[in-house]
Structures are given as C-alpha cells and as structure tokens.
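Have a look at the structure below, then the notes.
Index from 1, following the sequence. What you are looking at is a predicted structure, and each value in this text was computed from that prediction instead of being measured.
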Amino acid sequence: MEISRRTDYGVRVILDLAALPTSQRASTQEIAVRQSIPSPFLAKIISQLSLAGLVTTYRGAGGGVTLGRPASEITLLQVIEALEGPIRLNRCVIEPDACPRNSHCPVHNIWATAQTELTSLLKVTTFDNLADPILTMTSPPS
C-alpha cells in the first residue's frame, strides 16, 4: 500500500495552510512554489479538498485559499479520504459479506486489526500538531 502522489500533495497543501497565520490566504501559485506541486495538479487537489470542506477558496484579486476550519479540526484521515476515498487494506474489512472465506480466513482478523489501528492513528493526528514543528522552524528567533 502506498499513498498516492495526489494525497501526498494534498497533505502538503493542508500543512502549508496550517503553517500560515489564522485566516491568511495563500494563492495557489504560492502554494505550488513552496510545496513543489505542479499548478494544474494543485488546482484539482484544491477542488477536491474544497468539496470536502477542508479548504475554502476565494476568487478575484484578493482571492486565495485558506483552511476550511481550524487545523486542530482537520485530521490526516480526513485529507486522505477526501482524495482517495475510504481507506481499506482489504475489501473484506469494509464489506465482510464480499468474501465467502471471511468466516474461516486466518488473515481476516489481522486485516481488521491493522485497518482499525491505522485509521485510529490517522483520525487523531491533526494538522495543528503536524504544523507546529514547521511553525517553530520558520518563526524568526526571539
């Protein structure tokens, strides 16, 4: 299993915005440059993140992108699912009736446990915590 480039870029977008002062807008061009994301690809990612309510976009001269809600309320799981759909290590974990071997499969419980642990970790990992080291690194010395 590997996170797609789209999801990696989506995480970078949210991290970039989380590192900005609250409610500061960033242009997509600024994000593209800072995060080394091709602009056409970035537009599609921002559109998906916007549909999920994770970012808000503004058009016009003063336009740009902001987080759709506080970084403390945005999780890694939400970003991944906005761009990839639900995480599933194996179909049987999400749709138990899809596999006729489910009741006697020796691996099913491992898949289910791994699925639960992974999604639990991603669900409690918020972007305020992830952006904190970034803020510390980019803040001017006191």
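Evaluated for a side chain to side chain contact (heavy atoms under 4.5 Å, CB included) with R12, the options I14, L15, D8 yield exactly one hit, D8.
The stretch residues 53-74 participates, sequence neighbours left out, in no salt bridge (charged side-chain N to carboxylate O under 4.0 Å, His left out) pair at all. Residue pairs meeting the salt bridge (charged side-chain N to carboxylate O under 4.0 Å, His left out) criterion with at least one member in residues 101-125: none, sequence neighbours excluded. Under the salt bridge (charged side-chain N to carboxylate O under 4.0 Å, His left out) criterion, the residue pairs touching residues 33-55 are D16-R34, with sequence neighbours excluded.
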- Task: Decide side-chain contact (heavy atoms from CB on, under 4.5 Å) for I45 and R6; before the verdict, give the C-alpha distance in whole Å, the side-chain angles of both, and the deciding distance to 0.1 Å.
- Result: CA-CA 7 Å; I45 292 166; R6 175 181 55 220; 3.8 Å; yes
- Item | From CA spacing to verdict: side-chain contact (heavy atoms from CB on, under 4.5 Å), V11, F127 | CA-CA 9 Å; V11 169; F127 279 85; 4.0 Å; yes
- What's the verdict on side-chain contact (heavy atoms from CB on, under 4.5 Å) for I37 and V13, showing C-alpha distance, side-chain angles and the deciding distance? CA-CA 9 Å; I37 302 172; V13 168; 4.0 Å; yes
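How far CG of L42 is from CG of L49: 9.0 Å, rounded to the nearest 0.5 Å. Distance check: L130 CG to I74 CD1 gives 11.0 Å after rounding to the nearest 0.5 Å.
Here the closest heavy-atom approach between residue A131 and residue A19 is recorded as CB-N, 4.2 Å. The shortest non-hydrogen separation linking W111 to V93 is CB-CG2, 3.5 Å.
A search for side-chain contact (heavy atoms from CB on, under 4.5 Å) contacts involving T116 returns S120, not counting sequence neighbours. Scored by the side chain to side chain donor-acceptor pair (under 3.5 Å) test, T126 finds D128, N129 as partners (sequence neighbours excluded). Every residue two or more places apart in sequence or in another chain was checked for a salt bridge (Lys or Arg N to Asp or Glu O under 4.0 Å) with R25, and none qualifies. Applying the side-chain contact (heavy atoms from CB on, under 4.5 Å) test to L122 and every residue at least two apart in sequence or in another chain returns L76, L77, I80, I87, L118. Y58 meets the ring-ring contact (aromatic ring centres under 6.0 Å, His included) test with no other residue; sequence neighbours excluded. Applying the side-chain contact (heavy atoms from CB on, under 4.5 Å) criterion to P38, with sequence neighbours excluded, gives Y9, P40, F41. Legend: residues meeting side-chain contact (heavy atoms from CB on, under 4.5 Å) with A52, ordered by chain and number and at least two apart, are L54, A82. Taking R5 as the reference, nothing meets the side chain to side chain donor-acceptor pair (under 3.5 Å) condition, with sequence neighbours excluded.
Using a 4.5 Å heavy-atom threshold, the side chains of T75 and T125 count as separate.
Remark: the backbone N or O of L89 is paired with a side-chain donor or acceptor of Q115 at under 3.5 angstrom. Listed for the T113 side chain is a donor-acceptor partner under 3.5 Å among the backbone atoms of N109. Judged purely by atom type and a 3.5 angstrom limit, S50 has no side-chain atom pairing as donor or acceptor with the backbone of I46.
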Review item, side-chain donor-acceptor pairs of residues 26-33, under 3.5 Å, at least two apart:
| unit_1 | atom_1 | unit_2 | atom_2 | d |
| --- | --- | --- | --- | --- |
| S27 | OG | E30 | N | 3.0 |
| Q29 | OE1 | S39 | OG | 3.3 |
| E30 | OE1 | S27 | N | 2.9 |

